[in-house]
2 protein chains.
Amino acid sequence: MSDVKGAAALRATVVFNLGTLGALASDRFAARVEALGLKPKHAGLLAALDAGSAASQQELATRLGVAPSLIVALADQLQELGAVERVRDPEDRRRQALTLTAEGRHLLTRCAEAAEATDAELTAGLTDAQRSALTTGLRTLGARHLPH
Amino acid sequence: MSDVKGAAALRATVVFNLGTLGALASDRFAARVEALGLKPKHAGLLAALDAGSAASQQELATRLGVAPSLIVALADQLQELGAVERVRDPEDRRRQALTLTAEGRHLLTRCAEAAEATDAELTAGLTDAQRSALTTGLRTLGARHLPH
DNA sequence: CCTAAATCATTCGAGCTGTGAACGATATTG
DNA sequence: CAATATCGTTCACAGCTCGAATGATTTAGG
């Protein structure tokens with residue numbers, strides 16, 4: 001075997017498949033939630049809001065790993081859709097506490113359904129064993145590298 | 001168990017982990033190849049060139065799934081680095097045949113090393129069984145959804 | 001042949017996404 | 001009470017990619 005690593009060596013790596021498939025999966029998910037008037041980041045924000053209760057925009061920015069100014073724009077659009085409410089924290093009036101409305105919870109549910117539909121589409125044709133091996137592998141990786 | 005699907009349901013999906021981890025992995029790979037003066041797309045182009053021999057830029061555009069105008073920019077920069085050569089196809093002088101130079105093959109090798117290093121970093125702390133389950137899962141998915 | 005249509009590479013302008021530097025309002029510290 | 005820090009917001013800007021227009025070349029049709 002040659003010591004020259006070429007295209008085959010690159011394509012065989014985890015990072016190559018993970019990156020390519022990740023982009024593909026995100027695109028498919030984006031196509032689905034677009035019908036709800038949302039981008040994937042909106043779904044991420046909704047999920048972050050549902051996970052912990054009412055959070056400041058700063059906290060959300062660090063949780064999602066984006067700039068605070070982006071949270072402003074996302075929250076503006078979600079507010080326009082009636083999915084979130086902004087309430088001044090009476091204990092610290094600089095803070096805007098973001099909370100999910102009933103409509104927001106509904107949208108989050110629809111997002112989860114879209115994600116599951118995308119999952120089904122992606123993993124169609126895999127055996128149950130393959131599918132579960134994949135999900136546990138991804139979850140293990142996520143537990144190790146994603147802020148939980 | 002409630003019929004309201006919330007944040008937990010979204011975070012548990014394959015598409016969520018695949019998307020998030022894919023972005024993370026791509027960022028880490030990008031950080032490594034940046035030292036070579038390359039972006040991930042450059043590495044992808046080098047790999048595509050190594051896979052099949054001398055290809056027209058149109059073919060490469062469809063192979064990589066990007067606009068032909070992007071290939072122009074990528075090829076310009078790789079040419080500047082001495083990694084590729086543009087040769088007019090004598091059979092059809094509209095076509096520019098892109099070929100890897102020795103320097104290009106060297107760079108591709110370094111890219112593959114960077115990818116393997118990123119792999120090691122990502123999968124550190126996984127058991128061998130977990131790692132192989134993950135790679136086979138990803139490869140199965142890739143074989144089904146990626147242009148091969 | 002010779003003209004019309006198609007194809008290739010290239011340039012250029014535009015859209016989208018996200019960031020970072022200001023700024024005003026509020027809170028904290030000494 | 002003054003100085004400093006923090007929060008949300010606005011705004012200008014950089015990065016990335018695409019699509020339309022262009023010129024050169026090839027192919028198809030009469």
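In what follows, chains carry the letters A, B, and so on, assigned in the order in which the sequence lines appear, proteins first and then strands, with residues in each chain numbered from 1.
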Tell me which pairs pass side-chain hydrogen bond (donor to acceptor under 3.5 Å, both in side chains) where either residue lies in residues 72-90 of chain A, with sequence neighbours left out. A/H42-A/Q77, A/Q57-A/R86, A/D76-A/R86, A/Q79-A/R86

Rounded to 10°, the helix from C/dC1-D/dG30 to C/dG30-D/dC1 deviates from straight, judged by its five-pair end axes, by 10°

Using the heavy-atom set of chain B and a strict 4.0 Å cut-off, write down the first and last nucleotide of DNA chain D that makes it in, 5' to 3'. D/dC16 to D/dT26

Using modelled atom types and a 3.5 Å cut-off, is there a donor and acceptor pairing between side-chain atoms of B/D119 and backbone atoms of A/V14? yes

Test side chain to side chain donor-acceptor pair (under 3.5 Å) applied to B/R28 - qualifying residues, sequence neighbours left out: B/E121

Sub-3.5 Å donor-acceptor pair from the side chain of A/T123 to the main-chain atoms of A/L126, do we have one? no

Is the distance from OP1 or OP2 of C/dC8 to the nearest side-chain N or O of B/Q96 less than 4.0 Å? no

A/R63 atom CZ, over 12 foreign heavy atoms within 6.0 Å: yes

Who pairs with A/E34 by side-chain contact (heavy atoms from CB on, under 4.5 Å), at least two apart in sequence or on another chain? none

List, by chain and then residue number, the residues other than A/L45 in its hydrophobic cluster (Ile/Leu/Val/Met/Phe/Trp/Tyr, side-chain heavy atoms under 4.5 Å); write none if there are no others. A/F29, A/V33, A/L36, A/L38, A/L46, A/L49, A/L60, A/L64, A/V66, A/L70, A/I71, A/L74, A/L78, A/L81, A/V84, A/L98, A/L100, A/L107, A/L108, B/L10, B/V15, B/F16

Could you walk me through whether A/L141 and B/N17 pass the side-chain contact (heavy atoms from CB on, under 4.5 Å) test, one step at a time? CA-CA 9 Å; A/L141 224 54; B/N17 286 291; over 6 Å; no

Apply side chain to side chain donor-acceptor pair (under 3.5 Å) to A/T140 and list each qualifying residue two or more places apart in sequence or on a separate chain. none

Could you encode protein contacts along nucleotides 15-20 of chain C as a string, one character per nucleotide from 5' to 3', using B for base contact, S for sugar-phosphate-only contact and - for no contact, with a heavy-atom cut-off of under 4.0 Å? --SSBB

Testing the basics here: between A/A51 and B/A7, what is the closest heavy-atom pair and its distance to 0.1 Å? N-CB, 3.9 Å

With a 3.5 Å distance limit and no angle check, can you tell me whether B/E116 reaches the backbone of B/E113 through a side-chain donor-acceptor pair? no

Side chains of A/L21 and A/L122: closer than 4.5 Å at any heavy-atom pair? no

Residues two or more places apart in sequence or in another chain: which of them pass salt bridge (charged side-chain N to carboxylate O under 4.0 Å, His left out) with A/R11? none

Any B/T13 side-chain heavy atom under 4.5 Å of A/T118 side chain: no

Without decimals, in angstroms, what is the distance between B/L98 CG and C/dA9 P? 8 Å

Contact string for nucleotides 23-30 of chain C, one letter per nucleotide 5' to 3', B = base within protein heavy-atom range under 4.0 Å, S = sugar-phosphate only, - = neither, reads ---BS---

Output the residues of residues 17-30 of chain A in contact with DNA chain D, where contact means a heavy atom of the residue under 4.0 Å from an atom of the strand; sort by number or write none. none

Listing request: all side-chain hydrogen bond (donor to acceptor under 3.5 Å, both in side chains) pairs with a residue in residues 94-106 of chain A, at least two apart in sequence or in separate chains. A/D92-A/R94

Can you check the B/L60 CG to C/dT7 C1' distance for me, whole Å? 16 Å

